[in-house]
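Residue numbers begin at 1 in each chain, while the letters A, B, ... track the order of the sequences.
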Amino acid sequence: MENMNTFEMAKVYAPKEMEERIYKMWEESGAFKPKMVKGKKPFTIVMPPPNITGQLHVGHALDEMPQDVLIRYHRMKGDPTLWVPGTDHAAIATEVKVVEALQKEGLTKKDLGREKFLDRVWDWRKEYGGRIVQQLRKLGVSCDWSRERFTMDAGLSKAVRETFVNLYEKDLIYQGWRMINWCPCCKTSISDAEVEYEEQAGNFWHILYPVKETGEMIELATTRPETMLGDTAVAINAEDERYKHLHGCHVILPLINREIPIVLDEHADMTKGTGVVKITPAHDPNDYEVGKRHGLPMVRVFTYDGHMTGAAEAKENADLIASGRATKDEPVVLDCGKYAGMTTQEARKAIVADMTELGCLKKVEPLTHEVGTCYRCHQTIEPMVSKQWFVKMEPLAKPAVQVVKEGKLRFIPDRFEKVYLNWMENTRDWCISRQLWWGHRIPAFYCDDCGSVHVTREDIDKCPNCGGKVWQDEDVLDTWFSSALWPFSTLGWPEKTEDLAYFYPNSVLSCGYDIIFFWLARMVFSGLEQMGECPFEVALMHGLVRDAQGRKMSKSLGNGIDPLEVIEKYGADALRFSLEIGVAPGSDVRMSHEKIETYRNFANKIWNASRFALMNMQGFEPKGVPSADKLALSDKWMLKRFNDIVREITNNLESFDLGMAATNLYDFIWSNFCDWYIEMAKHELNGDDPEAKNAAQETLIYVLTGLLKLLHPYMPFITEELYSYLPGHEGMLITSSWPAANPEHDFTEDAEQMEAVMEIIRAARNLRAEMKVNASKRATLILKPAPALEKAFRAAEGYFMRLAAASNVEYLAPDAPNPEKSASAVTPGASLFIPLGELVDVDKEIARLNKDLKNAEGEVSRAEGKLNNQGFVAKAPAALIEQEKAKLEKAKGLVLSIAERIKELESLK
RNA sequence: GGGGUUAUAGCUCAGUUGGUCAGAGCGUUACGUUGACAUCGUAAAGGUCGAUGGUUCGAGCCCAUUUAACCCCACCA
């Protein structure tokens, strides 16, 4: 490919035109597909599948970044690298969207019926499901789209079914009546993990129940008076002296005059309130347990859509019991009479009013308490007793705890290990059935004739026992049940595919810490159970995106950042970099347009640095690696520093310090490469020594090529584009090889000399700035160098002239008198003088030098203190002591030189 | 109630196993357009690393106590 004429390169980097073109080139070239090599360890990540309902938001961008960085790094390293993308059917979220769409047409789910409704969801999916996947491409994700999966596609549905049947056969899935979390808004059960607790203002209602045997009133407190109609006991503690006389007595429930027993139970805490607690087994998890201990009846008073039950529900329930299809575990439904049909909130008001009228309300005490809400719709959760399917967690959790304790699964940062273990060690059975239509239908078939239940891999229509007609369970599975299988279901399981054998277990799983319980934990035990191996070795956690003030981004606050808009304006690379740079693993990221702009500017910097390099390549044929003999001091310094940064970035990536690697790259490219090296190289490039020029060209291209490679995982588009312009490039950057440090370029000594030169340049600039010398006014730079460095300084004259505005450089012997009327400074490598004639004010000169002297003296006393400390000398490592000694010598020398200079100036006064 | 995170320059944050008189970006100030880049350059100002005590020759980093903010988990009637 011919080198691009640099005149065609725009002065300003314009991402918009190139990103789409480059992405298309990558995708069509097959660069995203792994090169499977037998015996070579692959690097695999599965992408957390975004919901098909999703619109790309900046949280997705943050989610993809660490993955794409690692994937691109490993691909360049030469590992067989696979990143599997896909989408999640998102049972509730999607169903809600489609129901809403129907509502606009005046239709309900029931109007359509199950089959037609599902057709509508698939239509919806066809229309919108691909949207998020197209949007992800704009971020530059380099996943293998040919392996894209969907949690509801045929293969994954098979995996779900296989898993369900496996667990059922092992007795790890069971069906039963249990206390579950019910969302009256979504009208489905949800798992414990899906309940979010919110602090809410509420009341403590102190109410009075009359005791039948003694006629006295006992006081108890409740936060939910509307549940009292479902009370089937009152509990006191057996040890409670206050109530010993009530053992065996009963109370008459006001409002409905139901007689219920007073039971003795440890749940009643003597130290809390009055020590008396009402027991509503059908609507409170604690009371449910108490009820089971005492064989109390369960009375349900709420409907599944959040109203008080009435005659209709009660009759239905009675019929069910009469038909024998209800079990003893099923609550009896109460006709709540005058309260029937009220919402629970309305009932609360009415019941409190009626109790007040009866004189049964003693007092109301305001309090704030944690209320469970649904993570989807944020409505209050009602605990209900309901027949559901559960995964038995204890046997599954055990190995999932083990793998972490044995270090087979490592969390980054490791504090999340504790979060994970705490959950895994205490988790309760997982309620997996959902009263929805969109999702994987539970493969359980019921025979009404013989009452048997059959869980099968293939659908059946006849009862295997009696040949009677069977019907399938109406419910579907929790959407997380299918995503729990993602690391192996996407590779073809339960089929024994080549992909599965090669890419399982995965290498890394990266996700936000907010889905550790929903997803990560469940993948671990599912992988262990179905595959016998932990699904990944490393769990790399990231945080949440916040706005500039640290608030969560939300629609209501309007503080969101639209990634598509940002990409349009600043480019995907700028967005990507701003999400990664300086972010410690697992911590939240603040985002703002200003921040993204900063890294757009960085992209522009690289663009222009490359433009500069290309402008200076006329007639240049790169040989690949610069050889030592013709290299200038600055070239050697650059090559040495490049070695350093290659090692540093590689180490950082290996240890998952992605934010650190980005910071290092930013600093290195801007400061070392652009501000220093390019500026110095201009001397050779514009000089009349063709060999020196060639060496600078060689170095410039070598280092620039390497830097583009190092930066590529973070800023894939601009680096790919620039790489294509470089002389000597081959193929695409995305599939090029990761740079390695070249030991022949470890020019340590030359680099030190260069640093001494740089120090003089800084000092000279400082002097000029302080003396307010116009930048365009050149002046003689007089050096009194340390003898060992004079040669290096003479070689660096061009840099002094170019970077320190020196008109010429003169040298003084160590014992020569210092020039008069000069601004001066002292560096370890040399004293420098800039004769500025009348501009020099001796008093100011002395003042400034005194400041420097003070600093140097401070350093001397610090180093001396250290070296005089017996403990330090005895215990510190030898290298450190040597270093300290060297520093002391240096500082002492400085003190002497500065003091001498001051003395000299004093005498001039 | 249990667990966790954070506290470093005006703002946002780095600082990897304790060892170069504490770093960056933005902001501020002063200069500056000499053909890569004003989406830029040069220089400067600015911090007793939340507080107290301890371990150590040596602490921003380790330990204890403490203050403040935030987060997660938990069935507190």
key: RNA chain B: 5'-proximal contact among A:Asp287 and A:Ala548 (nearest heavy atom)   = A:Ala548
inquiry  = Among B:A77, B:A14, B:A43, which nucleotide has an atom closest to any side-chain atom of A:Thr222?
reply    = B:A77
remark   = Among the nucleotides B:A36, B:A14, B:A43, whichever has the atom closest to the side chain of A:Met615 is B:A36
task = For A:Tyr513 and A:Asp588, test the side chains for any donor-to-acceptor distance below 3.5 angstrom and give the result as yes or no.
result = yes
request  = Report the relative orientation of the aromatic rings in A:Phe577 and A:Tyr714; use parallel for angles under 30°, tilted for 30 to 60°, perpendicular for over 60°.
outcome  = perpendicular
message = Expressed as a whole number of angstroms, how long is the span from A:Tyr209:OH to B:A77:P?
response = 15 Å
query = Between B:C73, B:G4, B:U42, which nucleotide gets closest to the side-chain atoms of A:Arg765?
reply = B:U42
query = Taking NZ from A:Lys363 and C1' from B:A77, how many angstroms apart are they, rounded to a whole number?
reply = 14 Å
inquiry  = Is the ring pair A:Phe673/A:Tyr677 parallel, tilted or perpendicular, if the boundaries are 30 and 60 degrees?
reply    = parallel
query = C1' atom, B:C11 versus B:C71: distance in rounded Å?
reply = 23 Å
key: A:Glu679 (side chain) and B:A36 (base): donor-acceptor pair under 3.5 Å   = yes
request  = Would you mind reading off the distance between A:Tyr420 atom OH and B:C73 atom P, rounded to a whole angstrom?
outcome  = 17 Å
key: side-chain N/O A:Asn426 vs B:A74 OP1/OP2, d < 4.0 Å   = no
Under-4.0 Å side-chain N/O to phosphate OP1/OP2 contact, A:Asn601 with B:C40 = yes
request  = Could you tell me whether A:Ala609 contacts a base, only the sugar-phosphate backbone, or nothing, with contacts defined as non-hydrogen atoms closer than 4.0 Å?
outcome  = base
message = Starting the side chain at C-beta, find the nucleotide from B:G19, B:G41, B:A45 nearest to A:Leu880.
response = B:G19
message = Please report the distance, rounded to the nearest Å, between CG in A:Asp269 and C1' in B:G1.
response = 13 Å
inquiry  = Between C1' on B:A36 and CZ on A:Arg802, what's the gap in Å once rounded to a whole number?
reply    = 13 Å
message = How many whole angstroms separate atom CE of A:Met660 from atom P of B:G15?
response = 5 Å
ask   = Per the atom types in the model, does the base of B:C37 pair as donor or acceptor with the side chain of A:Lys11 at under 3.5 Å?
value = no
message = Please determine whether side-chain contact (heavy atoms from CB on, under 4.5 Å) holds for the pair A:Arg848 and A:Leu767, giving the CA-CA distance in whole Å, both sets of side-chain angles, and the decisive distance to 0.1 Å.
response = CA-CA 10 Å; A:Arg848 195 184 55 234; A:Leu767 277 185; 3.1 Å; yes
Between P of B:G4 and CZ of A:Phe517, the distance in whole Å = 14 Å
query = In whole angstroms, how far is the P atom of B:A36 from the NE2 atom of A:His683?
reply = 16 Å
ask   = Roughly how far apart, to the nearest Å, are B:C37 and B:G60 at atom P?
value = 44 Å
query = Are A:Arg862 and B:C21 close enough that a side-chain N or O sits under 4.0 Å from OP1 or OP2?
reply = yes
message = Which label fits A:Tyr666 and A:Phe602: parallel for a plane angle under 30°, tilted from 30 to 60°, or perpendicular past 60°?
response = tilted
